[in-house]
**Student:** 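Structure incoming, see below.
Computed over heavy atoms, backbone and side chain alike; hydrogens, waters and symmetry mates excluded. Whatever order the structure lists ligands and atoms in, that order sets their numbers, starting from 1. Since we're looking at a predicted model, the values are computed, not measured.
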Amino acid sequence: MQILRTIPEVRAARQQVQGSIGLVPTMGYLHEGHLALVRAARTQNDHCWATLFVNSLQFGSNKDFTTYPRDLPRDLAMFEAWGADVVFVPEAGTMYAQDFSSFVEVENLTERLEGAARPGHFRGVTTVVCKLLNITQPHRAYFGRKDAQQLRVIQRMVRDLAMPTTIVPIETVREADGLALASRNVHLQPDERQAAQALHQALQAAQQRYAAGERNADVLRAAMHAVLANEPLINVDYVSIADDESLAELTTVAGPALASLAVHIGTTRLIDAMELRCEITTL
Ligand code: AMP
């Protein structure tokens, strides 16, 4: 596995490549969710490339950025064991020069949900993803469905700007009790970890009501709130039943829809999402 740290190094490696590249952008502190992306990238492409960069631009508070879990040696060993061919690990200064002044912004879609809760977050995400795609020039790039709005925002950016990379969504990998794997889960105290099961349970409650025929979005949101209210350690940031494409809140579910939520448990903020499906599912 090649570990590359500068843009010229990546450009040189890119020129050597024959065949397709599948890119897995990450912020590190890897887990099985990231592994699912790497597996898909390996299966669907001739080469699997990954990036590892904790992107300051997408963090609101400096504290969230500095406390984001990091373990570079462990991450590199995991990428190697998983069969990545190249990992790009840029320094902050490589990505953002002192006088860096160009940003990518997707409008409308970024104003809701995570965008409303975390002003500037998606501007940071789209700017870094655009730059990483420009540097690595992959045929495909892999993103998790857990970060449902991020996935849609990146798909929109790639479509709007005619970027020549196919965005491939990957299903959320969960713990046995349903908690979506996330780097930030490491911050949860044992009682908070226990309470965190309620995120998936709340999504399932909405999904079950939906599968049973409920189409009133207020009823579906109330079903999610009811589950979360059972956990005193959980502070709800938002609960949403939204149009799957525009992410506008719905009154009635008449087409593809996304259930999503964000909560605080202690000092940790967690998000999760589920596309509503007609069949009853235990996912
Ligand atoms: P992160 O390192 O948290 O920025 O995540 C890197 C990529 O992995 C993003 O596309 C995430 O959506 C994806 N990802 C994170 N957690 C999971 C998970 N539990 N299952 C599937 N994909 C995930």
**Student:** Taking atom types as modelled, find out whether Asn185 and Tyr29 have a side-chain donor-acceptor pair closer than 3.5 angstrom.
**Tutor:** no

**Student:** For Arg174, state whether at least one heavy atom is located under 4.0 Å from any atom of ligand 1.
**Tutor:** no

**Student:** Examine the side chains of Gln58 and Asn55 and answer whether a donor and an acceptor come within less than 3.5 Å of each other.
**Tutor:** yes

**Student:** Treating Ile, Leu, Val, Met, Phe, Trp and Tyr as nodes and any side-chain heavy-atom pair under 4.5 angstrom as an edge, say whether Val129 and Leu161 lie in one connected cluster.
**Tutor:** yes

**Student:** Do Arg118 and Tyr238 form a cation-pi contact, if we require the NZ or CZ to be under 6.0 Å from the six-membered ring centre and within 45 degrees of the ring's axis?
**Tutor:** no

**Student:** With a 3.5 Å cut-off and no angle check, do the side chains of Ser246 and Asp243 form a donor-acceptor pair?
**Tutor:** yes

**Student:** Among all protein heavy atoms in this structure, tell me which lies nearest to atom 21 (C) of ligand 1, with the distance rounded to 0.1 Å.
**Tutor:** Glu171 O, 3.5 Å

**Student:** Which heavy atom of the protein is the closest neighbour of atom 4 (O) of ligand 1, given with residue, atom name and distance?
**Tutor:** Met27 CG, 3.6 Å

**Student:** Around atom CZ of Arg42, are there more than 12 heavy atoms from other residues, nucleotides or ligands closer than 6.0 Å?
**Tutor:** no

**Student:** Please could you name the atoms of ligand 1 that Tyr68 approaches to less than 4.0 Å, counting only its heavy atoms?
**Tutor:** 3 (O)

**Student:** Check whether any heavy atom of Glu32 sits under 4.0 Å from an atom of ligand 1.
**Tutor:** no

**Student:** Which of the listed options, Asp272, Asp147, Val173, holds the heavy atom that is closest to atom 20 (N) of ligand 1?
**Tutor:** Val173

**Student:** At what distance is the nearest protein heavy atom to atom 1 (P) of ligand 1, and which residue and atom is it?
**Tutor:** His34 NE2, 3.7 Å

**Student:** Where is the nearest protein heavy atom to atom 10 (O) of ligand 1: which residue, which atom, and how far?
**Tutor:** Gly144 N, 3.0 Å

**Student:** Can you list the ligand 1 atoms lying under 4.0 Å from a non-hydrogen atom of Leu37?
**Tutor:** 7 (C), 8 (O), 10 (O), 13 (C), 22 (N)

**Student:** What atoms of ligand 1 come closer than 4.0 angstrom to any heavy atom of His31?
**Tutor:** 15 (C), 16 (N), 17 (C)

**Student:** Show which atoms of ligand 1 fall inside a sub-4.0 Å distance from at least one heavy-atom site of Leu181.
**Tutor:** 16 (N), 17 (C), 18 (C), 19 (N)

**Student:** Which ligand 1 atoms are under 4.0 Å away from a heavy-atom of Phe143?
**Tutor:** 10 (O)

**Student:** Of the protein's non-hydrogen atoms, which lies at the shortest distance from atom 6 (C) of ligand 1, and what is that distance?
**Tutor:** Pro25 O, 3.4 Å

**Student:** Under a 4.0 Å threshold between the charged nitrogen and the carboxylate oxygen, would Asp64 count as salt-bridged to Arg269?
**Tutor:** no

**Student:** Need the ligand 1 atom indices (1-based, order shown) with element for anything under 4.0 Å from a heavy-atom of Thr26.
**Tutor:** 2 (O), 6 (C)

**Student:** Determine yes or no for a side-chain-to-main-chain donor-acceptor pair under 3.5 angstrom, with Arg193 supplying the side chain and Leu188 the backbone.
**Tutor:** no

**Student:** Regarding Glu249 and Ser240, is there a side-chain donor-to-acceptor distance under 3.5 Å anywhere?
**Tutor:** yes

